[in-house]
Amino acid sequence: MASSTSSTPSPNPIAPMNSGPPSAGTTGQTSNNSSANSGQQQLMGANNPLNDAPVSPERIACWITELLSSNTRENALMELSRKREKVLDLAVLLWHSFGSVAVLLHEVISVYPYITPPTLTAQQSNRVCNALALLQCIASHPETRSLFIQANIPLFLYPFLNTKSSTRPFEYLRLTSLGVIGALVKTDETEVINFLLTTEIIPLSLRIMQSGSELSKTVATFILQKILADDCGLNYICQTFDRFSHVAMVLGRMVLQQQKEASGRLLKHIIRCYLRLSDNPRAREALRSCLPDCLKDHTFDSVLKEDQSTKKWLSQLLLNLESPVAPNTANSQQQASGSGVSQQPQSASPLGMG
């Protein structure tokens with residue numbers, strides 16, 4: 001039986017990118033476990049030369065076969081998760097090999113009984129995180145991504161996103177689950193966004209944005225940002241007063257929290273969400289009255305002084321809010337979308353934001 005530390009996966013939510021959140025496996029900036037996460041990288045063997053060594057197709061095939069046996073599965077999960085970025089077609093091999101995806105889902109489902117009450121152990125968390133890392137691999141690959149969502153596999157992860165425990169086993173579980181969703185939305189595919197909009201991912205992300213660790217908040221906010229970046233996602237969130245007000249309320253609270261302990265990368269995603277909301281004429285009108293003052297009065301200048309892109313996005317946001325919304329434009333969009341927002345009281349703003 002592998003030890004709880006040796007099987008710790010690299011909960012890499014999404015690959016490094018200019019506009020994406022940081023890798024969970026390479027950061028030490030969670031809200032409660034900064035030093036622990038820094039040490040986790042060493043435990044994971046992130047700098048171990050053996051992890052960079054080439055691996056033969058025969059060995060990969062052997063590990064995939066070993067997934068089918070309960071006696072060899074834990075080690076196979078650990079090895080495959082460690083080597084997943086070194087094998088370009090691992091996602092295809094896993095998807096089309098007999099029983100592999102079923103085994104990964106079994107690993108996910110097997111820990112459901114330990115969620116409530118929260119009795120999940122570190123070793124259980126490590127093992128299921130290895131399985132989630134392989135699911136993320138499948139979600140990231142262009143040949144398996146559509147199959148992944150057509151099978152509704154992301155829904156199996158939502159119970160983990162809905163957990164409240166702040167212990168490390170549950171935090172790793174939430175973070176790695178967010179990584180799977182982050183891998184999906186990173187591709188900017190409308191098919192992915194349309195699927196997610198039929199699920200509970202928005203309220204789940206908003207909840208984590210309020211109460212998660214800094215890193216979990218960052219990945220959850222990135223997911224919301226990518227949903228908003230798609231026209232379908234923006235129209236969905238701005239369609240009714242309740243949806244918009246919930247998103248605006250959570251973003252506003254996060255900005256206020258940033259005044260106490262600012263994170264440049266988290267603030268970047270918050271500003272990107274606001275900026276995208278301002279592209280909707282009715283949301284723009286509402287934001288004029290509910291955008292936090294600290295985004296307008298240079299409070300975060302010191303945080304953003306080295307981040308020219310985010311400073312530009314913030315300036316564009318404020319410029320958007322200064323520009324009046326043409327009545328004909330707002331009315332035409334309302335008629336075209338059939339928005340339920342139009343049924344809300346108009347006394348304060350088009351979205352009812354007083």
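The figures that follow rest on heavy atoms only: side chains count, while hydrogens, waters and symmetry mates do not.
- A donor and an acceptor atom, one from each side chain of N235 and Q239, are nowhere located under 3.5 Å apart.
- Under the 4.5 Å side-chain heavy-atom criterion for ILVMFWY residues, no single connected hydrophobic cluster contains both L256 and L251.
- For the side chain to side chain contact (heavy atoms under 4.5 Å, CB included) criterion with F160, the lone passing option out of L173, V180, T176 is L173.
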Kindly determine whether Q150 and L147 satisfy side-chain contact (heavy atoms from CB on, under 4.5 Å), including the steps that lead there.
CA-CA 5 Å; Q150 289 169 16; L147 299 170; 4.1 Å; yes

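- Note: L206 CG to H246 NE2 = 5.0 Å, rounded to the nearest 0.5 Å.
- Checked for salt-bridge contact, R276 and D231 meet the test: a charged N lies under 4.0 Å from a carboxylate O.
- Here the side chain of S177 pairs no donor or acceptor atom with the backbone of L161 at under 3.5 angstrom.
- Environment of OH in Y158: crowded, with over 12 heavy atoms of neighbouring residues, nucleotides or ligands closer than 6.0 Å.
- Side-chain N or O atoms of S125 include none that pairs as donor or acceptor with a backbone N or O of A122 at under 3.5 Å.
- Of the inter-residue distances, the one linking I270 atom CD1 with Q258 atom CD reads 5.0 Å to the nearest 0.5 angstrom.
- A donor-acceptor contact shorter than 3.5 Å is absent between the side chain of E306 and the backbone of V303.
- K217 approaches M254 most closely through the heavy-atom pair CB-CE, 4.4 Å.
- To the nearest 0.5 Å, atoms CG (L304) and OG (S315) are separated by 9.5 Å.
- In terms of heavy atoms, I193 sits closest to K226 at CD1-O, 3.9 Å.
- Summarising the local packing, OH of Y114 is surrounded by 12 or fewer heavy atoms from other residues, nucleotides or ligands at distances under 6.0 Å.
- With no hydrogens or angles considered, no side-chain donor-acceptor pair links R82 and N130 at under 3.5 Å.
- The distance from the SG atom of C137 to the CG atom of L93 is 9.0 Å, given to the nearest 0.5 Å.
- Under the 4.5 Å side-chain heavy-atom criterion for ILVMFWY residues, no single connected hydrophobic cluster contains both V92 and L90.
- Contact of the C238 side chain with the R243 side chain is not registered, since no non-hydrogen atoms from C-beta on lie closer than 4.5 Å.
- In this structure, the side chain of S211 does not engage the main chain of I208 through any donor-acceptor pair within 3.5 Å.
- Within a 6.0 Å radius of NZ in K296, other residues, nucleotides and ligands contribute more than 12 heavy atoms.
- Residues N152 and F195 are in side-chain contact: their nearest non-hydrogen atoms beyond the backbone lie under 4.5 Å apart.
- Closest non-hydrogen pair, F148 versus L135, comes out as CE1-O, 3.7 Å.
- Judged by distance alone, with hydrogens and angles left aside, the side-chain atoms of R272 form no donor-acceptor pair with the main-chain N or O of H269 at under 3.5 Å.
- At least one side-chain heavy atom of C294 sits under 4.5 Å from a side-chain heavy atom of D297.
- Side-chain atoms of L94 and L67, non-hydrogen and from C-beta on, do get closer than 4.5 Å to each other.
- R207 contributes a side-chain N or O that, together with a main-chain N or O of N162, makes up a donor-acceptor pair within less than 3.5 Å.
- Atom CG of L175 sits about 4.5 Å away from atom CG of L215, to the nearest 0.5 Å.
- When side chains are defined from C-beta on, T163 does not count as touching L120, because their heavy atoms never get closer than 4.5 Å.
- Checking S165 against T167 by side-chain atom types alone, a donor-acceptor pair falls below 3.5 Å.
- A heavy-atom distance below 4.5 Å is not found between the side chains of T121 and P169.
- Nearest heavy-atom pair across A248 and Y274 is O-OH, 3.9 Å.
- Ion pairing of E214 with R265 is present here, as a side-chain N (NZ or NE/NH1/NH2) and a carboxylate O approach within less than 4.0 Å.
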Using the rule given for side-chain contact (heavy atoms from CB on, under 4.5 Å), can you reason through V250 versus L224, listing the C-alpha separation, both sets of side-chain angles and the distance that settles it, and then say yes or no?
CA-CA 11 Å; V250 172; L224 177 65; over 6 Å; no

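- Separation of atoms CG (N320) and CG (L277) is listed at 11.5 Å; rounding is to 0.5 Å.
- Heavy atoms from other residues, nucleotides or ligands lying under 6.0 Å from CD of Q259 number more than 12.
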Would R59 and E79 satisfy salt bridge (Lys or Arg N to Asp or Glu O under 4.0 Å), going step by step from the backbone distance to the final call?
CA-CA 10 Å; R59 194 73 196 106; E79 295 295 345; over 6 Å; no

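- Side-chain contact between Y236 and I227 is absent, with no heavy atoms from C-beta onward closer than 4.5 Å.
- Among all heavy-atom pairs drawn from P154 and I181, the shortest one is CB-CD1, 4.0 Å.
- Scanning all heavy atoms of the two residues, the minimum distance from A220 to M209 falls at CB-CG, 3.8 Å.
- Using a 4.0 Å cut-off between charged side-chain N and carboxylate O, E171 and R174 make a salt bridge.
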K312 and Q308: side-chain contact (heavy atoms from CB on, under 4.5 Å), yes or no, with the steps?
CA-CA 6 Å; K312 185 184 300 183; Q308 295 301 316; over 6 Å; no

Dump the intermediate steps for side-chain contact (heavy atoms from CB on, under 4.5 Å) on R73 and H106, then the final yes or no.
CA-CA 11 Å; R73 182 176 304 154; H106 171 76; 3.7 Å; yes

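- Residues L291 and L318 have side chains in contact (heavy-atom distance under 4.5 Å, counting atoms from C-beta outward).
- For the pair S69 (side chain) and E66 (backbone), a donor-acceptor distance under 3.5 Å is absent.
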